[in-house]
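Remember, predicted model here, so these are calculated numbers, not experimental data.
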Amino acid sequence: MTASVATMITAVTVLTIGYRAGRAHAAWRDLRAAKRDVPARRRIAWGHTRPLLMGVLILMATLIAAAYNAAS
């Protein structure tokens with residue numbers, strides 16, 4: 001029974017170390033990819049954000065104007 005427990009602990013340890021090493025490698029690979037990709041993704045994000053902000057500003061201006069007219 002002791003040998004099987006030791007075998008299980010060793011197998012779990014090896015799998016855990018392998019998994020963590022693989023994730024560390026993937027993180028660095030993703031970082032290198034992100035360095036090239038960040039400006040493009042930033043432009044896409046701002047492309048989606050600008051119309052949203054403009055819509056909110058127009059809506060707020062409309063509501064403020066309606067409230068001002070209602071108060072007069």
Closest approach of T13 to I9 (non-hydrogen atoms, all atoms of both residues): OG1-O, 2.7 Å
Inter-residue atom distance I64.CD1 - N69.CG, 0.5 Å rounding: 12.5 Å
Distance in Å, T10 OG1 paired with L15 CG, rounded so as to fall on 0.5 Å steps: 10.5 Å
Name of the residue among T62, V56, L57 meeting side-chain contact (heavy atoms from CB on, under 4.5 Å) with M60: V56
